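For reference, the structure is listed below as structure tokens.
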Amino acid sequence: MYISYSGADSQYASAAESFRHGTKTTVQYTYLGRVIDRDKGIYQNKTRGYFTYDPETNTYGSVPDDFVPPVFKDGRVRAERVLLDFGDTYFLNEVLYKSGMMEVIDSIGYGNSDTLHAMVLFYILSSDANCDAINWYQGNIVKMLYPKANMTSQRISDFLAAIGTPEKQMTFQKTYISYVLKHYSSDQNILIDSSGLPNGNHTWLTAVSNHNGKISNEIRLIFVVQRASGMPLYYQAVPGNIVDVSTLERTLCHLKALGIDISSCIMDAGYNSGDNLDLFYNDDGTLKIEYMTRVKAGDATFKIILEEELATLESGENFVQYANRYLFIKKRKIQAGSDEKKTAWMYLGLDCPRKNDELHKLFKRAENNRLSQDDVYAAMQHQGIFALITGREYTIEELLPAYYQRQSAEQIFDFAKNYTKLLPLRVQSEETFNGHLLLSYIGSCIVKMMQNKLKDADMFMGARFSSLRNQKCTVYSRSLVTSVPQKNASDTYKAFGIKSPASMIIGEDNLLKYSPSEQDPKWSKFMNVSKANKKKDKTKDSGTATENKQKDAEIITKTSDNISDDTGSSQTSAPTGKSAGQPESSELPKTKENKKRGRPKGAKNKKTLEREARLAAEGGESVKRGRGRPKGAKNKKTLEREAKLIAEGVISPPKRKPGRPKGSKNKKKMADVQTDQHSEDLQHRT
């Protein structure tokens with residue numbers, strides 16, 4: 001085999017093979033197409049797109065990752081687009097650089113970074129199929145931000161297959177987990193959930209699934225989410241015929257290998273089984289990892305407890321409120337695990353709003369299916385009933401906020417399916433599916449990150465990208481001018497600390513003279529992680545008051561042990577307010593502090609100081625008097641009304657709180673005070 005060139009300047013090529021028939025020689029040609037790079041053997045045609053060909057082995061291959069297709073001009077006069085979509089692409093690109101997420105994306109290591117960046121933007125900002133990516137690219141400012149991106153339909157499949165390799169996926173997973181633990185929260189508490197991806201692709205991952213009685217061809221997708229921040233931490237796709245209960249152990253092993261030391265785990269009922277609950281206990285039966293899960297409807301222990309407690313469940317002592325929902329919840333200590341010898345707690349609950357909804361559906365179903373009165377009555381008894389199993393004992397007030405955090409995992413699936421093109425699946429091989437899944441996962445992480453930022457600014461995600469897309473730009477020969485952003489878009493820019501440029505300069509090479517923002521070290525400060533961690537610590541601390549004091553004492557001891565005189569070691573604050581090994585205050589470099597406007601907190605004005613001085617001179621005490629009625633005090637009308645109701649027997653008199661009133665002294669202290677006063681009188685007389 002050899003290459004035969006033709007056309008002006010040998011711009012076309014064919015693979016030629018010679019055959020000899022007696023004295024005659026015939027040549028068979030296979031058209032390769034346009035010659036792109038003769039030295040590297042890169043060609044292009046309509047069937048294969050850009051590809052490589054080796055005449056020695058007669059094999060076709062893919063072009064390198066860093067290959068940038070040349071731009072050919074066909075000589076025809078075409079009007080360039082002068083009005084491009086601007087706001088959404090510019091805004092999202094700035095977000096990726098300011099947050100440091102672009103560095104995490106670059107860890108994938110794809111040769112043509114322009115293609116990688118443009119495809120990430122495409123997956124978030126457009127709902128078009130990948131074959132139409134070139135149309136989006138040509139009408140968007142992204143073509144001037146990333147001019148080397150190859151967005152042709154044939155090349156996108158190669159791109160997805162290249163980034164979907166296990167090596168690149170693992171590299172991204174490790175880098176991204178480190179990013180979340182560093183910038184958002186070091187929380188090791190997780191949520192686990194799964195969802196189906198229906199499709200008709202002929203890959204080994206697509207299989208018949210029976211999930212909650214629904215039969216479909218699907219791939220099962222598992223997400224692990226951090227509880228404190230709601231950020232995704234890990235994803236994995238498994239065949240659709242694998243049930244959730246068999247995936248938990250391996251998911252936990254993957255997380256451990258990636259450096260996540262799990263403290264607690266909240267999971268759906270599909271993961272609940274005796275063998276899976278054993279994973280959270282040590283060999284001696286003590287709790288190793290805290291857990292919480294919903295109970296399956298057919299659970300034997302649940303049926304027994306429901307039969308015993310149903311009659312007394314709807315009583316006043318079991319009535320609780322969570323947000324705008326009202327429930328009845330009752331707690332029972334049980335034995336769990338495969339051997340049913342491990343201590344756990346079951347919380348039997350009745351959700352009142354849900355019961356009303358289910359009763360309404362039941363009555364409609366009874367009418368349509370002509371159910372008997374006895375059948376309807378029997379079905380009514382268990383409407384709105386649910387149960388939770390936990391490894392440690394929760395108070396009723398702690399239980400529901402902890403469990404409803406599971407909605408964070410469901411929210412990630414919503415982002416992936418509705419914002420980042422996860423469905424429908426338009427890929428036909430396992431390699432391209434893995435790349436598609438990775439891009440969709442990256443997009444879901446970015447959307448969740450943005451949602452957290454908007455929530456901090458008291459704003460909703462809504463149609464933010466649509467509003468930003470309405471900001472266009474007009475392209476001139478040496479500059480582009482942006483349109484005035486609408487209020488919704490302006491508020492979004494402001495919430496993220498991004499300034500929308502009025503114009504941008506275009507260089508001689510038709511590229512924007514634009515440098516993205518540098519990473520902002522305070523980017524993740526918008527998320528009140530301290531509050532989330534404080535809430536987490538509060539729910540996690542389940543010991544008695546004595547045990548908690550002992551824990552605090554141990555922490556203080558460990559902290560004091562860490563204080564070292566070695567200036568090379570890490571220092572913690574000493575009790576005297578000066579770290580060991582630190583220079584004296586006079587040796588410390590002086591820094592100019594920015595003085596804030598107004599009086600410092602706690603400072604007193606001139607009048608207050610004069611009044612306190614006068615009182616001190618007169619022998620009185622300076623008392624800080626707050627404005628308004630003291631906290632908890634009642635006015636004259638309220639006291640008279642309460643006295644009247646007590647006299648009429650309508651209400652009982654207020655009970656005296658246990659213990660001594662604040663500020664009062666016991667008998668021994670009173671005797672000491674009298675002795676001290678007597679001694680002072682004797683000294684005064686002497």
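What you are looking at is a predicted structure, and each value in this text was computed from that prediction instead of being measured.
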From Met231 CE over to Ile412 CD1, what is the distance, rounded to the nearest 0.5 angstrom?
7.5 Å
Interatomic distance, Leu181 atom CG to Ile177 atom CD1 [nearest 0.5 angstrom]:
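Between atom CG of Leu181 and atom CD1 of Ile177 there are 7.0 Å.
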Assess whether a salt bridge exists between Arg354 and Asp357, defined as any Lys/Arg side-chain N lying under 4.0 Å from an Asp/Glu carboxylate O.
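Salt bridge between Arg354 and Asp357, a charged N being under 4.0 Å from a carboxylate O: no.
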Are Arg48 and Tyr60 in a cation-pi setup, meaning NZ or CZ lies under 6.0 angstrom from the ring centre and within 45 degrees of the ring axis?
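That pair qualifies as a cation-pi contact.
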For the residue pair Lys472 and Phe86, would you count it as a cation-pi contact if the rule is NZ or CZ under 6.0 angstrom from the ring centre and within 45 degrees of the ring axis?
no
Quick one: are Leu191 and Met267 in side-chain contact, heavy atoms under 4.5 Å?
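They are not in contact (no side-chain heavy atoms under 4.5 Å apart), so the answer is no.
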Give the ring-plane orientation class for Tyr90 versus Tyr514, where under 30° counts as parallel, over 60° as perpendicular and anything between as tilted.
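It falls in the tilted class, 30° to 60°.
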Give me the ring orientation class for His436 and Phe433: parallel if the planes are under 30° apart, tilted from 30 to 60°, perpendicular past 60°.
tilted
Side chain to side chain donor-acceptor pair (under 3.5 Å) assessment of Glu218 paired with Ser209
CA-CA 6 Å; Glu218 66 180 29; Ser209 169; 2.9 Å; yes
Is it true that the side chains of Asn488 and Arg464 contain a donor and an acceptor less than 3.5 Å apart?
yes
Looking only at the side chains, is there a donor atom on one of Tyr97 and Asp520 sitting less than 3.5 Å from an acceptor on the other?
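On atom types as modelled, these side chains do not qualify, holding no pair under 3.5 Å.
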Any donor-acceptor pair under 3.5 Å linking the side chain of [X] with the backbone of [Y]?
| X | Y | answer |
| --- | --- | --- |
| Thr115 | Asn150 | yes |
| Asn201 | Thr203 | no |
| Gln188 | Ser186 | yes |
| Ser14 | Ala16 | no |

Positive for ring pair (Phe, Tyr, Trp, His ring centres under 6.0 Å) with Tyr441, one of Tyr234, Tyr235, Phe415:
Tyr235
Could you tell me whether Tyr12 and Tyr5 have their ring centroids closer than 6.0 angstrom?
no
